[in-house]
Amino acid sequence: MKRTHHCGQLRLEHVDEEVTLCGWVNSYRDHGNLVFIDLRDRSGLIQVVFDPEYNLESHRLARSLRCEWVIACRGKVRPRGQGLENPKLATGQIEVIVEQLDLLNTAKTPPFETDSADQVNEEIRLSYRYIDLRRKSMQNRLKVRHQVTKITRDYFDEQGFWEIETPMLGKSTPEGARDFLVPSRLYKGNFYALPQSPQLFKQILMVSGCERYFQIVRCFRDEDPRADRQAEFTQIDVEMSFVDADDVMTVNERLIARIFKKILGVEVPLPVPRMTYAQAMDEYGIDRPDLRFDMKLKDLSDLVKDSSFKVFTSVVEKGGVVKGFCAPGGGRYSRSDIEKTMTEFVADFGARGLAWFKVGAAEGGGGLELKSSIAKFFTPSQQQQILSRFNAAEDDLILMVADQVETANKALAPLRVRLGKELGLVREGDYRFIWVIDFPLFEWNEGDKRFDSLHHPFTSPVPEDLEKLDTDPGHIRSQAYDLVVNGSEIGGGSVRIHNPLTQAKVFDLLKITRQQARDRFGFFLKALEYGAPPHGGIAFGLDRLVMLLTGTDNIRDVIAFPKTQRGQCLLTDAPSEVDASQLEELNLRVQKHLHQLEQEP
RNA sequence: GGGGCCGUAGCUCAAUUGGUUAGAGCAUCGGACUGUCGAUCCGAAGGUUGAGGGUUCGAGCCCCUUCGGCCUCGCCA
């Protein structure tokens, strides 16, 4: 029997047609004489009916069917009787009365019920991923992921980009994340590294005259995973020649707008607005601000430095800041919420404390005042200034961290997001895009007494700051840009250095010696000397993009076969030990840890 | 490397201060049933409480070790 239709397609217009369907038994309801099966394929569910008066043999076979068995059936589409429609199914107006049933395969009882798998332990879902992926929600995520890559390929093709593959087996460099290493059989003792990104190859493709490159490419970073991070992930990687930062942002924001339009029907207003890194850090404490709600951070240092609250004054004297934000309606939080839950929360990010004021009606009537165990350290005038800086209203909650500005930001930014969500300031289906620009080129690494690249060492300074390479490297702005939506960085890139002299100066500041630079990037620096065009690009995290589009905060949900937080694949049991002969061939010996040796007889 | 939460039947969860034979719903198996759609009804089976050790007259519960999962800090140019 050849399939003629998909289960989820059938509608009233197909009534009286003879159809053949294939799929899995989603559920069965056996009434002794009448048997109902909800048949499932990728397209959806449909009810098929077995009636002994219609076909005795099929009915007998149908009674033995079980969940997840695979069948094909041929029958006639008919409308359901009056009052028998099922509004829960897209196909609920009709059903198929089956003439012929073929059992294509049986199935063991699944380890979990597919209908309720959302509540099932993820460990079991990952071990039986093929069953987990049968679920509609998971199939939708795979489908959206496919749609995103399809839209991306179509879009870049229209724009004159070529998709070019770059090597998976590359050269290890000690910068950046830890590499995954692959031993070479032919060069014993030598290793390839899996790419952390195709950065240098795509720049070399610009030197090669390809002009417009993109690639949907797997990248590997051997660092500890997070809910939104996996050692193996996918980038939409882009590079363009003869462009400035504006050109790259324009081309790429149009791609993202098209993806959101086609998949969610969401109109992304173009051009996407821009915000400097300095403003983002100042007002949101983070370089990826969530703009779905206001609740901006304010610096109160100037107002509180003259208070009698020693904690604040001493921090300001030491060059720190008192920064905070005002949570509208936050008065409903209890003292224990603030002094325990929230304080522990910010402590995780290095803050030593969390100060707070509740905003209440002033005693004696008229106006507002601050209510808190520390309110007494602030004069009425100081209190009023604080209230007016936040434009605070009754029942608001003001939360503050006093520390070095980096620490204060680091603690306040996640607290702001957490409260924004808890207080219901985030509207479902709201997407706020922003380009964050004018990043610093370097940040000072006090431990190693040198500069580190904020983006990567090939990022170009903005032209007017070029001279500061010699005079004031700490204040150079880079031509880097991150695309941020709802507090999540979905992509980032830069205009690159195409001048070998500038590149050499940057390496100097990073304390990468000429010798080291030659060893690690010699092939690339050499390429720059052979007519490198001005170029720039960007890379988007495909996984995070699909997470946004499908409304999950778990990266494993958008990867067909993901790994656990310890980097294990529970389906295949990778990684695993290998045969001694394989090691032999690679000239490798595994050194066991002492505790393992002790356990052996 | 650090911190937190979790692990009891196939799945989701209960189990009083440490106290009888570790329960329930769903799933499974058997039976009944002609319009169900999370079918219903009757019945049955199902457990090394992640593993190992300890304390105790007695441990799912307390202690130690260990394995695994998730979240997180560090890390992720």
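- Place A:Gln568 and A:Leu84 on RNA chain B by their nearest nucleotides, and A:Leu84 ends up nearer the 5' end.
- With hydrogens and angles ignored, no donor-acceptor pair closer than 3.5 Å exists between the side chain of A:Arg556 and the base of B:C70.
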What string of B, S and - do you get for nucleotides 43-48 of chain B, 5' to 3', when a contact is any protein heavy atom under 4.0 Å?
------
Exercise answer: donor-acceptor pairs, residues 565-576 of chain A side-chain atoms, under 3.5 Å, sequence neighbours excluded:
from	atom 1	to	atom 2	distance (Å)
A:Gln565	NE2	A:Pro225	O	3.4
A:Thr572	OG1	A:Ala574	N	3.3

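- A:Ser334 and A:Asp337 share a donor-acceptor pair across their side chains, judged by distance under 3.5 Å alone.
- One can place CG of A:Leu34 at 17 Å from P of B:U40, the figure rounded to the nearest angstrom.
- In terms of phosphate contacts, A:Lys410 brings no side-chain nitrogen or oxygen within less than 4.0 Å of OP1 or OP2 of B:C73.
- Here, B:G18 and B:C63 have their C1' atoms 13 Å apart, quoted to the whole Å.
- Taking CZ of A:Arg518 as the reference point, atom CZ of A:Phe523 lies at 14.5 Å (rounded to 0.5 Å).
- Note: CZ (A:Phe220) to P (B:A77) measures 16 Å, nearest angstrom.
- Where stacking is scored as ring centres under 5.5 Å apart with planes under 30°, A:Phe112 does not register as stacked on the base of B:C11.
- Checking side-chain atoms of A:Thr459 against main-chain N and O of A:His456 turns up a donor-acceptor pair under 3.5 Å.
- As a whole-Å value, the separation of A:Glu443 CD from B:C76 C1' is 13 Å.
- Distances shown here put a side-chain N or O of A:Arg226 below 4.0 Å from the OP1 or OP2 atom of B:C73.
- A donor-acceptor contact closer than 3.5 angstrom is absent between the side chains of A:Asn499 and A:Gln503.
- The side chain of A:Arg78 has B:G35 as its nearest neighbour among B:G35, B:G69, B:C11.
- At the phosphate of B:A77, neither OP1 nor OP2 sits under 4.0 Å from any side-chain N or O atom of A:His455.
- Judged by centroid separation below 5.5 Å and plane tilt below 30°, A:His31 does not stack onto the base of B:G35.
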Protein-nucleotides 25-28 of chain B N/O pairs closer than 3.5 Å?
from	atom 1	to	atom 2	distance (Å)
B:C26	O2'	A:Glu113	OE1	2.7
B:C26	O2'	A:Glu113	OE2	3.2
B:C26	O2	A:Glu113	OE2	3.3
B:A27	O4'	A:Glu113	OE2	3.1

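- For the pair A:Arg229 and B:U72, the criterion of a side-chain N or O lying under 4.0 Å from OP1 or OP2 is not met.
- A centroid separation of 6.0 Å or more is found between the aromatic rings of A:Phe50 and A:Phe36.
- The pair A:Asp553-A:Arg226 fails the salt-bridge criterion, with no side-chain N (NZ, NE, NH1 or NH2) lying under 4.0 Å from an Asp/Glu carboxylate O.
- Between A:Asp118 and A:Arg135 there is a salt bridge, since at least one side-chain N of the basic residue sits less than 4.0 Å from a carboxylate O of the acidic one.
- What separates CG of A:Asp287 from C1' of B:A77 is a distance of 14 Å, to the nearest Å.
- Of all nucleotides present, only B:G4 satisfies the Watson-Crick or G-U wobble test against B:C70, with each distance under 3.5 Å.
- Contact check of residues 120-132 of chain A against RNA chain B (heavy atom, cut-off under 4.0 Å) returns A:Val120, A:Asn121, A:Glu122, A:Glu123, A:Ile124.
- Side-chain atoms of A:Arg496 and A:Ser494 form a donor-acceptor pair, as typed in the model, at a separation below 3.5 Å.
- If you measure from atom NE2 of A:His59 to atom P of B:U34, you get 10 Å, rounded to the nearest angstrom.
- Separating the CG atom of A:Leu454 from the P atom of B:A77 is a distance of 11 Å, rounded to the nearest angstrom.
- The salt bridge (charged side-chain N to carboxylate O under 4.0 Å, His left out) check on A:Glu223 picks up A:Arg178, with sequence neighbours excluded.
- In this entry B:C26 has B:G10 as its Watson-Crick or G-U wobble partner, both defining distances falling under 3.5 Å.
- Using a cut-off of 4.0 Å between Lys/Arg side-chain N and Asp/Glu carboxylate O, A:Lys76 and A:Glu99 are scored as not salt-bridged.
- Between the CZ atom of A:Arg566 and the C1' atom of B:G7 there is a distance of 16 Å, given to the nearest Å.
- For A:Asn33 and B:U34, the shortest distance from a side-chain N or O to OP1 or OP2 is below 4.0 Å.
- Along RNA chain B, the nucleotide nearest to A:Arg29 and the one nearest to A:Ala227 differ in position, and the one closer to the 5' end is contacted by A:Arg29.
- Checking B:A77, B:U34, B:A39 against the side-chain heavy atoms of A:Glu53 singles out B:U34 as nearest.
- Counting non-hydrogen atoms of neighbouring residues, nucleotides and ligands closer than 6.0 angstrom, the CD atom of A:Glu57 reaches no more than 12 such neighbours.
- Of the residues in residues 340-354 of chain A, those lying under 4.0 Å from RNA chain B by heavy-atom distance are A:Asp348, A:Phe349.
- Using N1 to N3 plus N6-O4 or O6-N4 for Watson-Crick, or N1-O2 and O6-N3 for G-U wobble, each under 3.5 Å, B:A51 pairs with B:U65.
- Contact detail for A:Phe540 and A:Gly491: the closest heavy-atom pair is CD2-CA, 3.7 Å.
- Between A:Asn445 atom CG and B:A77 atom C1' the separation is 12 Å, expressed in whole Å.
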